[in-house]
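In this text the structure is predicted, and so the values were computed from the model without any measurement. Heavy-atom basis, side chains included; hydrogens, waters and symmetry copies ignored.
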Amino acid sequence: MKFIQVLSSAIIGTIVIAGCATNTINETSSKPIPAAKFDLSTWKITIPTDNDNNGKVDQVSKIDIQNYSHPDYFYLDDENNMVFATPNKAFTTANSSNTRSELHQLLGGPQLTNYAPGNNFSLKSHKNAQSYAQIGGNLQATVKVNNVAKRATYPEKNPAYSVVVGQIHATKDKTIVAEGNGFGYGNGNEPIKIYFKKWPNHQYGSVFWNYERNLPKADPNRVDIAYPVWGELWSESNEPGENGIALNEAFSYEINVVEDIMHLTFTTARHKPVTFQINLANNIDANGKVDKFDHPYGYKGDALFFKAGAYNQCSIKDDPGFWYPKCLGTGDWKTDKKNGDYAQVTFTRLVTGMSKKPQ
């Protein structure tokens with residue numbers, strides 16, 4: 001994976017890659033770039049492109065994102081809202097078959113690696129919590145999902161027709177695994193992924209969040225546990241009706257990790273607020289029940305960071321596995337956008353910082 005160095009003004013964005021020719025990817029525009037309207041000082045971004053043709057997805061560093069936009073995948077709309085878009089078929093990160101236009105939180109300086117404690121936060125009960133950038137954290141966002149992929153060969157697979165708009169990710173770090181800190185730490189799992197899913201023939205979609213058991217990839221018990229917010233769970237094909245959320249309907253989420261506890265709040269104009277809380281340092285689920293299959297210390301030993309944007313769940317991969325609905329796509333953005341083979345999310349608000357004492 002590589003980083004893109006961006007040298008641009010708010011009018012023209014130019015990507016420069018060492019040893020390669022300069023490539024202009026931003027259309028000439030008088031519009032401001034996303035960093036002019038949103039605080040992106042602690043974010044880098046992954047974009048579903050391969051600008052230097054090395055077979056790896058492009059990343060824009062937290063320094064260069066301050067002068068960066070992409071005309072198709074990351075830009076401000078006419079109302080100065082931040083848009084993330086990603087086709088079904090495009091370049092992906094090394095450990096995923098799903099494309100993304102997605103921010104990745106980096107709390108420390110540019111000299112630190114992704115895995116460095118100074119770039120991440122931890123739970124209070126982490127044995128080396130004092131070495132991390134902060135204990136816990138807070139992410140608040142207001143989003144409108146504009147489109148989810150409309151064509152899946154295997155629609156019965158849960159990820160079809162869905163996009164992740166926010167998450168906490170743990171770092172994938174072989175050194176943590178090798179230290180023998182238990183069978184969960186360092187495997188790069190997610191204690192929360194916030195989903196929107198809408199079937200093509202439905203008027204409304206559903207919002208739910210998933211907790212992934214903190215187990216190694218090969219463990220058959222490493223699954224996502226889904227919790228409903230508005231509408232149905234991802235395994236349901238029922239029309240949620242007005243209990244759900246429509247495309248282009250705004251909803252807000254807050255992820256507030258205080259010490260070891262993750263507090264979640266979901267709000268929208270038409271529905272009552274929905275809240276959850278879960279201790280991320282044990283194996284008691286968000287319903288207060290012991291999950292005997294989860295790691296007994298949850299994510300206690302992991303380095304954690306926020307992500308936000310459009311993480312398209314409609315993989316084009318054809319595989320018997322649960323995660324592969326074989327969605328359609330050509331790799332040509334104009335064609336795929338016309339056919340609805342993409343995900344797009346608009347953020348009207350995105351704020352992150354230290355954890356906040358619950359009200």
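- Of the possible donor and acceptor atoms, one in the side chain of Tyr115 sits under 3.5 Å from a partner among the backbone N and O of Lys172.
- The backbone N or O of Pro159 lies less than 3.5 Å from a partner atom in the side chain of Ser162, making a donor-acceptor pair.
- A heavy-atom distance below 4.5 Å is not found between the side chains of Thr265 and Asn256.
- Using a 4.5 Å cut-off on side-chain heavy atoms (C-beta onward), His295 and Asn283 make no contact.
- Side-chain atoms of Asp39 come within 3.5 Å of backbone N or O of Ser41 as a donor-acceptor pair.
- Atoms NZ and NZ, from Lys124 and Lys300 in turn, are 12.5 Å apart once rounded to the nearest 0.5 Å.
- With hydrogens and angles disregarded, no donor-acceptor distance shorter than 3.5 Å links the side chain of Asn138 to the backbone of Met354.
- Side-chain atoms of Ser61 and Pro110, non-hydrogen and from C-beta on, never get closer than 4.5 Å to each other.
- For the pair Pro34 and Phe74, the minimum side-chain heavy-atom distance is below 4.5 Å.
- The structure places OG of Ser97 at 11.5 Å from CG of Asp318, a figure rounded to the nearest 0.5 Å.
- A donor-acceptor pair is defined here as one N or O able to donate and one able to accept, closer than 3.5 Å; such a pair exists between the side chain of Gln66 and the backbone of Leu40.
- A heavy-atom distance below 4.5 Å is not found between the side chains of Trp230 and Phe208.
- The existence of a salt bridge linking Arg270 and Glu242 is excluded, since no basic side-chain nitrogen approaches an acidic carboxylate oxygen closer than 4.0 Å.
- Using a cutoff of 4.0 Å between basic side-chain nitrogens and carboxylate oxygens, Asp341 and Lys89 are not scored as salt-bridged.
- Heavy atoms only, all atoms of each residue included: Ser206 and Glu232 are closest at OG-N, 2.7 Å.
- By the criterion of side-chain heavy atoms lying less than 4.5 angstrom apart, applied directly or through intervening Ile, Leu, Val, Met, Phe, Trp or Tyr residues, Tyr253 is not grouped with Tyr204; the two fall into different hydrophobic clusters.
- Inspection of the Gln59 and Lys44 side chains reveals an N or O donor paired with an N or O acceptor under 3.5 Å.
- Side-chain polar atoms of Asn279 and Asp260 form no donor-acceptor pair below 3.5 angstrom.
- Heavy atoms of other residues, nucleotides or ligands lying less than 6.0 angstrom from CD of Glu79 number 12 at most.
- A pairwise comparison of heavy atoms in Ala303 and Tyr132 identifies CB-CE2, 3.5 Å as the closest pair.
- With hydrogens and angles left out, the side-chain atoms of Asn88 and Asp336 include no donor and acceptor closer than 3.5 Å.
- Aromatic rings from Trp333 and Tyr73 are positioned such that their centres are separated by under 6.0 Å.
- Judged by the 6.0 Å distance and 45° axis criteria, Lys197 is not positioned over the aromatic ring of Tyr195.
- The existence of a salt bridge linking Arg213 and Asp294 is excluded, since no basic side-chain nitrogen approaches an acidic carboxylate oxygen closer than 4.0 Å.
- Taking the six-membered ring for Trp and the full ring otherwise, the centers of Phe306 and Phe121 sit less than 6.0 Å from each other.
- A 6.0 Å sphere centred on NZ of Lys144 holds no more than 12 heavy atoms belonging to other residues, nucleotides or ligands.
- Annotation: the span from Leu103 atom CG to Met82 atom CE amounts to 5.5 Å, rounded to 0.5 Å.
- His169 pairs in a side chain to side chain donor-acceptor pair (under 3.5 Å) with only one of the listed residues (Glu190, His104, Gln105), which is Glu190.
- With 3.5 Å as the limit, one finds a donor-acceptor pair spanning the side chains of Thr346 and Asn146.
- Here the OG-CD distance, from Ser122 to Gln130, works out to 8.5 Å after rounding to the nearest 0.5 Å.
- A distance-only check finds a donor-acceptor pair linking the side chain of Gln134 to the backbone of Gly136 [under 3.5 Å].
- Tyr211 is listed as a side-chain neighbour of Ile278, based on a closest heavy-atom distance under 4.5 Å.
- In plain terms, the two heavy atoms of Ala250 and Thr268 that are nearest each other are O-OG1, 2.8 Å.
- For the atom pair CG (Asn210) and CD1 (Ile192), the distance works out to 9.0 Å, reported to the nearest 0.5 Å.
- For the residue pair Thr86 and Thr99, a side-chain donor N or O sits within less than 3.5 Å of a side-chain acceptor on the partner.
- Here the side chain of Lys307 pairs no donor or acceptor atom with the backbone of Ile168 at under 3.5 angstrom.
- Proximity of Ile45 to Ser101: side-chain heavy atoms (C-beta onward) are separated by under 4.5 Å at one or more points.
- At least one side-chain heavy atom of Val163 sits under 4.5 Å from a side-chain heavy atom of Val145.
- Among Tyr342, Phe38, Phe347, Tyr75, the one residue that satisfies the ring-ring contact (aromatic ring centres under 6.0 Å, His included) test with Phe84 is Phe347.
- Considering every non-hydrogen atom in both Ile261 and Gln277, the closest pair reads CG2-CB, 4.2 Å.
- A side-chain donor-acceptor contact under 3.5 Å links Asp285 to the backbone of Asn287.
- Nearest heavy atom pair, residue Ile245 against residue His271, reads CD1-CD2, 3.7 Å.
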Legend entry - Audit row: Thr352, Thr42, side chain to side chain contact (heavy atoms under 4.5 Å, CB included) steps and yes/no: CA-CA 9 Å; Thr352 190; Thr42 58; 3.9 Å; yes
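- Between the Asn147 side chain and the Gln344 main chain, no donor and acceptor come within less than 3.5 Å of each other.
- At distances below 3.5 Å, not a single donor-acceptor pair connects side-chain atoms of Asp302 with backbone N or O atoms of Leu304.
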Inset, instruction - Before giving the answer on side-chain hydrogen bond (donor to acceptor under 3.5 Å, both in side chains), spell out for Asp173 and Thr171 the whole-Å C-alpha distance, their side-chain angles and the decisive distance to 0.1 Å. - result: CA-CA 6 Å; Asp173 192 341; Thr171 60; 4.9 Å; no
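- Minimum heavy-atom separation, Cys314 to Ala160: SG-CA, 4.2 Å.
- In this structure, Phe322 has its ring center closer than 6.0 angstrom to the ring center of Trp234.
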Inset, instruction - Could you walk me through whether Leu264 and Trp209 pass the side chain to side chain contact (heavy atoms under 4.5 Å, CB included) test, one step at a time? - result: CA-CA 10 Å; Leu264 304 176; Trp209 67 276; 3.5 Å; yes
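- Residues Thr49 and Asn51 bring no donor and acceptor atom of their side chains to less than 3.5 Å of each other.
- Cation-pi geometry between Lys198 and Tyr161 is not met at under 6.0 angstrom from the ring centre and within 45 degrees of the axis.
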